[in-house]
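In what follows, chains are A, B, ... by sequence order, proteins preceding strands, each numbered from 1.
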Protein chains: 2
Amino acid sequence: MTLVNASPRRKELIRIAARLFVEEGFDRTTVRMLAQAMGIKSGSLFHHFSDKQAILCAVIETGMQHALTLARSALADAGCSPSVRLDALARAHLETLLTERNAHVVALYEWRRLDAGSRDHLIHLRDAYESLWQKVVDEALEAGLIRGDRLLVRRFVLGALNWTVRWYDPAGPRSPEALARELIAMLSGPAFATGHVGRP
Amino acid sequence: MTLVNASPRRKELIRIAARLFVEEGFDRTTVRMLAQAMGIKSGSLFHHFSDKQAILCAVIETGMQHALTLARSALADAGCSPSVRLDALARAHLETLLTERNAHVVALYEWRRLDAGSRDHLIHLRDAYESLWQKVVDEALEAGLIRGDRLLVRRFVLGALNWTVRWYDPAGPRSPEALARELIAMLSGPAFATGHVGRP
DNA sequence: GTAAAAACCAAGCAAGCGCTCGTGTTAATT
DNA sequence: AATTAACACGAGCGCTTGCTTGGTTTTTAC
């Protein structure tokens, strides 16, 4: 049900759909608009997706898989220092938020439009991602790097990071890496704070 | 254009609309659904609002006015200690997020569905609110209470707070006041952290 | 008590919606 | 060369949408 038909063509269609869903919102994006942007007629759309909801589900799944893959690989490369791991995870989060921006924005804003079935399926991916974060946050707490309630820290940090899609300008003066570093510096003791703020 | 016709009847209609917009989303909420929930027929709706968009605008404005009023009164009562002011503002933010939850959720998720005119109008309210925050954040930075880039601090903190609408359960063990205190404790030095976490 | 104003209703229009279906048209497999 | 599967098309069905209209009831103001 998940990765059936991951052809390049289908991936491209999902990318296009993600863009339109962001620009117009899911409900205002008609199957005719989707089809036109894909260079086909509306009827042909339903050879690739069973219905409109399935496109939404595919878009969101793309973003979540990307986030998971990136986070896992970042952690694998990060060694075992809690502060490095936390920094790496925040960087990975901002990176996927940026490179798969459309998919993540759709996940954020159109989650409620998913039917129950799709939601159940995607919720497992979200849980896996959040427990990845929880583990790293727990390590940082145990190391005395930050302080606070473990659940609360995770939620506040992920909230602050996710909110960046509403204001972050990739063309601005700040790289995603610097952004991640500054957020963690805010939470940590002065030991973590470096003067390094601008782009290299 | 703003506060014309702030009759109790109209206020009630706006409350009902806010609830439906949260439950179903703006686009999926039909004028017939709105009318039924209000106890009238769909045609009569357009004696109160010029069109569907105007209802959305009214809902969002309600929430923003509430937030502004609450924040201003909280600051007026807070004296001039930066830490008290920051705490008061965070508490006020969570309080309006809770008591006008529907309106704020709509503002969060359906902002993009506003037409250009409404958006221009509401953007001024948002700017006023954010500059209120910016001032208090600046005071806290100057007092050495927290550290980081002034714009970034404001955005991260407001992001973390706004994100609470996605997970906070008012029936849970944590009061909004405790939540605000814990967030600020995360950002501040140990001087600010108190052991006080649970409900009184 | 009456006139003006505000609120409401029943009916329906034009447009747009998601989706289906029967029929080509390729492109790969045998 | 024949078969099959994948992809695309055009037409359109059945339904819902936001909103209008002309006329009636209720409330308000003097």
Fill in: Face-on cation placement of A:K52 at A:F26 ring, 6.0 Å and 45° thresholds
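Yes.
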
Worksheet item: Just checking, A:R126 and A:W111: is the charged tip under 6.0 Å from the six-membered ring centre and within 45° of the axis?
Response: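 Yes, A:R126 and A:W111 form such a contact.
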
Taking [atom1] from [X] and [atom2] from [N], how many angstroms apart are they, rounded to a whole number?
X      : N      : atom1 : atom2 : result
B:M33  : D:dT17 : CE    : P     : 8 Å
B:K52  : D:dT16 : NZ    : C1'   : 12 Å
B:Q53  : D:dC19 : CD    : C1'   : 13 Å
A:R28  : D:dG18 : CZ    : C1'   : 11 Å
A:F46  : D:dC9  : CZ    : P     : 14 Å
A:E12  : D:dC7  : CD    : P     : 15 Å
B:D115 : D:dG18 : CG    : P     : 15 Å
B:L20  : D:dG18 : CG    : P     : 12 Å

Worksheet item: So which nucleotide from D:dC19, C:dC9, D:dA8 ends up closest to the side chain of B:K41?
Response: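 The answer is C:dC9, which lies nearest to the side chain.
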
Worksheet item: Do any side-chain nitrogens or oxygens of A:H48 fall under 4.0 Å of OP1 or OP2 in D:dA8?
Response: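 A:H48 to D:dA8 OP1/OP2: side-chain N or O found under 4.0 Å.
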
Worksheet item: Counting just side-chain N and O atoms, does A:S44 come under 4.0 Å of either OP1 or OP2 of D:dC9?
Response: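 The answer is yes; a side-chain N or O of A:S44 sits under 4.0 Å from OP1 or OP2.
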
Worksheet item: Starting at the 5' end of DNA chain C and moving along, which residue's nearest nucleotide shows up first, A:S50 or B:G43?
Response: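 Between the two, 5'-proximity favours B:G43.
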
Discussion item. Can you confirm whether more than 12 heavy atoms, excluding those of B:Q36, are under 6.0 Å from its CD atom?
Written reply: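 For B:Q36, atom CD is not crowded (no more than 12 foreign heavy atoms under 6.0 Å).
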
Practice prompt. Tell me, yes or no, whether the heavy-atom count around A:R15 atom CZ, taken from other residues, nucleotides or ligands under 6.0 Å, exceeds 12.
Written response: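 Check fails, neighbour count at 12 or below.
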
Worksheet item: Checking all strands, does B:R9 fall into the base, sugar-phosphate, or nothing category for heavy-atom contacts under 4.0 angstrom?
Response: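 Touches sugar-phosphate only.
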
Practice prompt. Spell out yes or no: do the side chain of A:R32 and the base of C:dG16 have one donor N/O and one acceptor N/O closer than 3.5 Å?
Written response: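 No, the side chain and the base share no sub-3.5 Å donor-acceptor pair.
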
Item to complete: Return yes if the base of C:dA6 and the side-chain atoms of B:H47 contain a donor-acceptor N/O pair under 3.5 Å, otherwise no.
Response: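 Donor-acceptor pair under 3.5 Å: no.
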
Practice prompt. Under the salt bridge (Lys or Arg N to Asp or Glu O under 4.0 Å) rule, what do A:R154 and A:D138 come out as? Steps first, then yes or no, please.
Written response: CA-CA 9 Å; A:R154 191 203 75 206; A:D138 287 347; over 6 Å; no

